[in-house]
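Read the structure below first, then the notes.
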Amino acid sequence: MAAVTILETKGLHREFGGLTAVDRVDFTMTQGEVHALIGPNGAGKSTFVGMVSGRIWASGGRVIFDGQDITARPAHARIRMGMAYTFQITAIYARLSLFENIALALGERSRPRVQEALDHVGLTERMDEIAGDLSYGHQRLLEIAMGVAQAPRLLILDEPTQGLAESEIEGFNALIRRLAGETSILLIEHNMNVVMALADRITVLDTGRILATGAPDEIHADPHVQEAYLGTG
Ligand SMILES: Nc1ncnc2c1ncn2[C@@H]1O[C@H](COP(=O)(O)OP(=O)(O)O)[C@@H](O)[C@H]1O
Ligand SMILES: [Mg+2]
């Protein structure tokens with residue numbers, strides 16, 4: 001079966017004042033793949049996915065999702081088309097229960113459907129607790145469950161394991177493995193063990209430019225990547 005492209009960017013570009021955060025990036029993602037986006041702090045990863053999701057406007061270039069040019073579409077239109085994302089900074093409703101948080105993401109108050117979403121991250125038992133009372137790691141997992149609840153075609157996760165304990169990271173890896181294949185996942189991740197365990201392909205971004213794209217073993221062996229990022233060159 002030929003690989004179907006779910007997401008493509010062409011010359012995607014963003015400047016902040018005089019600073020080029022994302023520099024004419026051409027990027028392609030195949031349907032069903034787990035694609036990790038890595039690179040040092042300030043490389044432009046969050047800005048890039050911000051433009052893909054419509055939270056940040058592009059200074060130039062195009063975003064094509066599911067064969068349609070969505071560059072001019074607002075974030076809510078992209079959500080309707082099947083994009084879901086979590087931010088680098090956790091964005092839950094801290095004063096509401098887990099149930100209410102998921103119900104808002106779902107747009108309905110079906111208890112079985114809320115339960116199904118929470119099952120993915122092992123928080124079902126805590127459905128009626130207040131989200132703000134959860135540990136930071138659990139709040140992050142709740143946020144991922146909110147994204148998953150929407151049954152997205154493209155799930156974008158910006159540093160989802162930041163602040164998770166080792167035991168929670170294993171659960172996260174298992175979740176992504178279950179979702180992979182059904183959903184395409186674009187994962188910004190600093191933890192290289194997680195990247196190597198989950199990614200079908202990796203793109204390395206450095207100073208707004210793509211340094212390399214390839215399978216995990218190729219990226220790991222790439223001398224430019226080692227020099228610029230892995231620090232093992
Ligand atoms: N809203 C903003 N205003 C000005 N500069 C920004 C803004 N957002 C990001 N930047 C700058 O753009 C560059 C890329 O940032 P970012 O996309 O957050 O990188 P990453 O997510 O890879 O750490 C950095 O130099 C950052 O300081
Ligand atoms: Mg970032």
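Every number for a ligand or one of its atoms is a count from 1 in the order of the listing. One is the number of the first residue; the rest follow in order along the sequence. The figures that follow rest on heavy atoms only: side chains count, while hydrogens, waters and symmetry mates do not.
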Item to check | Non-hydrogen atom of Gly39 closer than 4.0 Å to ligand 1 | outcome: no
Checklist entry - If hydrogens are left out, which of Val49, Thr20, Leu19, Asp206 has an atom nearest to atom 25 (O) of ligand 1, that is, the closest non-hydrogen atom? => result Leu19
Item to check | Identity of the nearest option to atom 23 (O) of ligand 1, non-hydrogen atoms only, from Ala21, Ser46, Gly42 | outcome: Gly42
Next on the checklist: Under the criterion side chain to side chain donor-acceptor pair (under 3.5 Å), I'd like the reasoning laid out for His220 against Glu218: C-alpha separation, chi angles, the key distance, then a yes or no.
Outcome noted: CA-CA 5 Å; His220 202 71; Glu218 291 167 343; over 6 Å; no
Checklist entry - Of the backbone and side-chain N, O or S atoms of Ser46, does one lie nearer to the Mg ion (ligand 2) than 2.8 Å? => result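 It does: Ser46 brings an N, O or S atom closer than 2.8 Å to the Mg ion (ligand 2).
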Checklist entry - Does the pair Gln31 and Thr5 meet the rule for a side chain to side chain donor-acceptor pair (under 3.5 Å), with working shown? => result CA-CA 6 Å; Gln31 199 166 312; Thr5 299; over 6 Å; no
Checklist entry - How far apart are the closest heavy atoms of Leu205 and Lys45, and which atoms are they? => result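 Reported closest heavy-atom pair: CD2-N, 3.7 Å.
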Next on the checklist: If hydrophobic clusters are built from ILVMFWY residues whose side chains come within less than 4.5 Å, do Met81 and Leu7 share one?
Outcome noted: yes
Next on the checklist: Taking distance alone, with N or O pairs closer than 3.5 Å, would you say Phe16 contacts ligand 1?
Outcome noted: no
Next on the checklist: Does ligand 1 come near enough to Gly44 that some N or O of the ligand is less than 3.5 Å from an N or O of the residue?
Outcome noted: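 Yes.
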Checklist entry - Is it the case that more than 12 heavy atoms not belonging to Arg109 sit under 6.0 Å from its CZ atom? => result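 Atom CZ in Arg109 is not packed in, count stays at 12 or less.
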Item to check | Numbered atoms of ligand 1 (with element) below 4.0 Å of Ala43, judged on heavy atoms | outcome: 19 (O), 20 (P), 22 (O)
Next on the checklist: Only heavy atoms of Asn41, strictly under 4.0 Å: list the atoms of ligand 1 that pass.
Outcome noted: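 Atoms satisfying the 4.0 Å criterion: 23 (O).
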Checklist entry - Counting only N and O atoms by type, is there a donor-acceptor contact under 3.5 Å from the side chain of Gln139 to the main-chain atoms of Leu134? => result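 Present.
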